[in-house]
Amino acid sequence: TGWAMSEERVALARKVVAAFNRRDVPALAEMVTDEFEWVTWTSTVEHTAYHGADGLASYFRDADVWEVLNLDVQEYRDLGDEVLVAGVFHLRGGGSGVEVHDPYYSAFFIRGGKLARVLSFRTEAGALAALARPD
């Protein structure tokens, strides 16, 4: 059953990323726990945390300035109850046309078949360290 569970976790991570790229808040809300927490690195100085389905909605309201907001995932790595999602985050400003292409690493914490927590980092080392000590 370990393999089947692993497949399910990676499949969930893929569905979450696809919904994120579509900016599909209702679909994302179905895939997260009630206590869902997402800590982003978009602000370089401080991490911003979004909570629950409402938090997801407010993230995308905040992200409206970006004409392009796309997560190009190169790897989904199953690590037990967590999945490491690694790729490149592509952004383009709606008004400014400014483009950002940054490495992206997220630790997806999965509980009971739903996404409970996402911690995002600019480096693989940061994400792996967070997975090693999730608190």
In short, Gly87 meets Gln74 closest at the heavy-atom pair CA-OE1, 3.5 Å
Sequence neighbours excluded, the answer for side chain to side chain donor-acceptor pair (under 3.5 Å) partners of Asn70 is none
Shortest non-hydrogen pair, Tyr50 vs Ser58, comes out as CD2-OG, 3.4 Å
Residues at least two apart in sequence or cross-chain that pass side chain to side chain donor-acceptor pair (under 3.5 Å) with Arg61, listed by chain then number, are none
For His51, the ring pair (Phe, Tyr, Trp, His ring centres under 6.0 Å) test, sequence neighbours excluded, returns none
* Asked: Is it true that a side-chain atom of Ser96 and a backbone atom of Val98 form a donor plus acceptor pair closer than 3.5 Å?
  -> yes
Quiz item: Are Val88 and Val83 connected, step by step, through hydrophobic side chains (Ile, Leu, Val, Met, Phe, Trp, Tyr) whose heavy atoms are closer than 4.5 Å?
Solution: no
Those residues at least two apart in sequence (or on a different chain) that pass side chain to side chain contact (heavy atoms under 4.5 Å, CB included) with Glu67 are Arg92
Glu35 meets the side chain to side chain contact (heavy atoms under 4.5 Å, CB included) criterion, sequence neighbours left out, with Thr33
*Verify the cluster assignment for Val68 and Phe89: are they in a single hydrophobic cluster under the rule of side-chain heavy atoms below 4.5 Å apart?*
no
- Message: Check the orientation of Phe20 and Phe60. Use parallel for under 30°, tilted for 30 to 60°, and perpendicular for over 60°.
- Response: tilted
OH of Tyr105 to CZ of Arg77, rounded to nearest 0.5 Å, is 8.5 Å
CG of Asp72 to CG of Asn21, rounded to nearest 0.5 Å, is 8.5 Å
With the side chain counted from C-beta on, respond yes when Thr40 and Val118 share a heavy-atom pair under 4.5 Å apart, and no when they do not.
no
OG (Ser120) and CG (Leu71) are apart, to the nearest 0.5 Å, by 8.5 Å
> Do any N or O atoms from the side chain of Arg117 and from the backbone of Trp38 form a donor-acceptor pair under 3.5 angstrom?
Replying inline: no
In terms of heavy-atom contacts, Phe109 and Glu82 come closest through CD2-CG, 3.4 Å
For Glu37 and Ala49, the nearest pair of non-hydrogen atoms, with its separation, is OE2-CB, 4.2 Å
Rounded to the nearest 0.5 Å, the CG atom of Leu115 sits from the CZ atom of Phe108 at a distance of 6.0 Å
### Task
Could you go through the side chain to side chain contact (heavy atoms under 4.5 Å, CB included) check for His90 and Val100 one step at a time?
CA-CA 6 Å; His90 301 287; Val100 179; over 6 Å; no
Taken to the nearest 0.5 Å, the spacing of Leu12 CG from Ile110 CD1 works out to 5.0 Å
Rounding to 0.5 Å, atoms CG (Leu119) and CG (Leu131) come to a distance of 7.5 Å
Let me check something: any side-chain donor-acceptor pairs from residues 23-32 under 3.5 Å, sequence neighbours excluded? List them with distances.
| from | atom 1 | to | atom 2 | distance (Å) |
| --- | --- | --- | --- | --- |
| Arg23 | NH1 | Trp66 | O | 3.4 |
| Arg23 | NH2 | Trp66 | O | 2.6 |
| Asp24 | OD1 | Ala27 | N | 3.1 |
| Asp24 | OD2 | Arg22 | NH2 | 3.1 |

Residues Ala63 and Leu69: closest non-hydrogen pair is CB-CD2, 3.9 Å
Kindly determine whether Val85 and Glu75 satisfy side chain to side chain contact (heavy atoms under 4.5 Å, CB included), including the steps that lead there. CA-CA 6 Å; Val85 177; Glu75 182 186 8; over 6 Å; no
